Amino acid sequence: MRTRSVRPVIAAALAAGALTGALVATPAQAAEYSSALKITGVQYDAPGRDNNSCTTGNTKAEFVTIKNYARTGRVNLKGYVVKDAVGNSYTFRTNHYLEPGDYVKLRGGRGTESDSGNVAYRNNCNFIWNNDKDTIKLIKPGGAAADTHSYTKSANDRDGNGYITFH
C-alpha cells in the first residue's frame, strides 16, 4: 500500500484558505517555547519581612531561575533582559554561559556573578517582583521574547511559600 505525503495536502488547504482558522487558533503562549531558555520559577516573596537595605535586607532571597533546556549547545546570557510588568529590568552585561540543563538564579541585592555558582545579582537592593501579582519576561538580545509568565499569589502559590514553579 502506498502512503501519501501530508505536506501537499496541507499546502493546498492553506492556499485555499481551509486551515486559516486552525492557524489563528494557535495559543498565544506558543511563542514562549521558541527559546531554549525558560523561566523555571520565581521566589517572588522573599522569606521574612521585606527589607531592601543593602546591608541588612533580604532582597538576595528574591530570585528568578532561568534554565537552558537545550539538549546540546550552551547559551550565553550576555544581552538577555529580565523585566517585570512595569518595566523594571536587568540586562546580563557580562558573559554568563549556561550549558545544556544548567540554570542561573538572578537574585536581588549585591554580589559577584558566578557561572560555577549558578548565580547573578541585579546589583540593586530594591525588590522587583510584586508579592501579589506580576509578569516576568525573558527577552533575547535582539528584542524577541524568549519566555513570559504571569502569576498571582492567590492562583499560583497554593502552599503560600512565596515560590512558584513554571516549567
Side-chain angles (χ1 to χ4, degrees), residues 28-167:
Q29 286 185 315
E32 166 189 339
Y33 299 103
S34 67
S35 173
L37 292 182
K38 305 274 188 260
I39 301 163
T40 61
V42 61
Q43 181 72 49
Y44 68 91
D45 188 1
R49 186 171 178 209
D50 285 356
N51 177 347
N52 63 357
S53 165
C54 283
T55 54
T56 61
N58 61 339
T59 55
K60 283 185 180 180
E62 180 189 79
F63 62 88
V64 62
T65 305
I66 301 165
K67 183 176 177 178
N68 179 0
Y69 281 90
R71 293 177 200 228
T72 61
R74 68 182 182 169
V75 178
N76 186 355
L77 288 172
K78 185 175 182 178
Y80 275 81
V81 178
V82 176
K83 284 186 177 182
D84 72 352
V86 296
N88 295 309
S89 67
Y90 172 81
T91 301
F92 287 90
R93 300 194 191 287
T94 60
N95 291 326
H96 193 112
Y97 296 98
L98 293 182
E99 299 294 333
D102 202 6
Y103 67 92
V104 64
K105 287 184 178 181
L106 176 60
R107 294 184 173 278
R110 303 196 187 285
T112 304
E113 191 165 331
S114 167
D115 275 348
S116 62
N118 297 58
V119 66
Y121 291 91
R122 291 187 295 107
N123 287 314
N124 184 323
C125 297
N126 292 320
F127 292 96
I128 190 171
W129 311 118
N130 293 332
N131 288 353
D132 60 343
K133 64 181 179 177
D134 213 332
T135 298
I136 306 164
K137 299 176 185 178
L138 177 62
I139 302 167
K140 296 177 183 180
D147 198 11
T148 301
H149 291 280
S150 295
Y151 67 86
T152 63
K153 180 177 184 169
S154 61
N156 304 109
D157 188 4
R158 303 212 191 281
D159 61 5
N161 67 354
Y163 185 83
I164 298 169
T165 301
F166 298 115
H167 291 278

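Remember, it's a predicted structure, so these values are computed and weren't measured experimentally.
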Distance col, row D157:CG vs I164:CD1, nearest 0.5 angstrom, shows 5.0 Å
From the list N88, V82, L106, V64, side chain to side chain contact (heavy atoms under 4.5 Å, CB included) with R122 holds only for L106
message: Within the structure provided, determine whether V42 and F166 are in side-chain contact (heavy-atom separation under 4.5 Å).
response: yes
Check your understanding: Under 3.5 Å, is there a donor-acceptor pair between the H149 and N156 side chains?
Key -> no
Check: Does some side-chain heavy atom of N131 sit less than 4.5 Å from a side-chain heavy atom of D50?
Finding: yes
Only residue of V104, I139, V75 satisfying side chain to side chain contact (heavy atoms under 4.5 Å, CB included) with Y80 is V75
OG1 of T165 to CD1 of I39, rounded to nearest 0.5 Å, is 13.0 Å
Next on the checklist: Could you tell me if the side chain of I136 sits less than 4.5 Å from the side chain of W129, heavy atoms only?
Outcome noted: yes
Looking only at heavy atoms, the pair that brings K78 and T94 closest together is CB-O, 3.5 Å
Checking the side chain of D115 only, and the main-chain atoms of H96 only, is there a donor and an acceptor separated by less than 3.5 Å? no
Here the gap from C125 atom SG to R110 atom CZ, rounded to the nearest 0.5 Å, amounts to 4.5 Å
### Task
For the residue pair H167 and K67, establish whether any side-chain heavy-atom pair is separated by less than 4.5 Å.
no
In this structure, CG of D147 is separated from OH of Y69 (nearest 0.5 Å) by 9.0 Å
For the pair T91 (side chain) and R93 (backbone), establish whether a donor and an acceptor sit closer than 3.5 Å, ignoring hydrogens and angles. no
Closest non-hydrogen atoms of N124 and T59, given as atom of the first, atom of the second and distance, are O-OG1, 4.5 Å
**Asked** Do Y44 and E62 come within less than 4.5 Å of each other through their side chains, counting heavy atoms only?
**Response** no
Open item on the list: Within the structure provided, determine whether Y103 and L98 are in side-chain contact (heavy-atom separation under 4.5 Å).
Closed with: no
Rounded to the nearest 0.5 angstrom, the NZ-CG distance for K153 and N130 is 12.0 Å
All heavy atoms of A146 vs all of K140, minimum pair found to be CB-CG, 3.9 Å
Output for pair (Y163 OH, T65 OG1), nearest 0.5 Å, gives 4.5 Å
### Message
Between N95 (side chain only) and N76 (backbone N and O only), is there a donor and an acceptor less than 3.5 Å apart?
### Response
no
Problem - 4.5 Å side-chain heavy-atom contact, K105 and N118 - result: no
Point to revise | Any donor-acceptor N/O pair, E113 side chain to Y121 backbone, under 3.5 Å | key: no
Just by distance, with hydrogens left out, do D102 and N68 show a side-chain donor and acceptor under 3.5 Å apart?
no
Using the six-membered ring of F63, assess whether NZ or CZ of K60 lies under 6.0 Å from its centre and within 45 degrees of the ring axis.
no
Correct closest heavy-atom pair for S89 and V81 would be CB-CG1, 3.9 Å
Return yes if some donor-acceptor pair links the side-chain N/O of K38 with the main-chain N/O of S35 below 3.5 Å, else return no.
yes
Point to revise | Minimum side-chain heavy-atom gap F92-I66 below 4.5 Å | key: yes
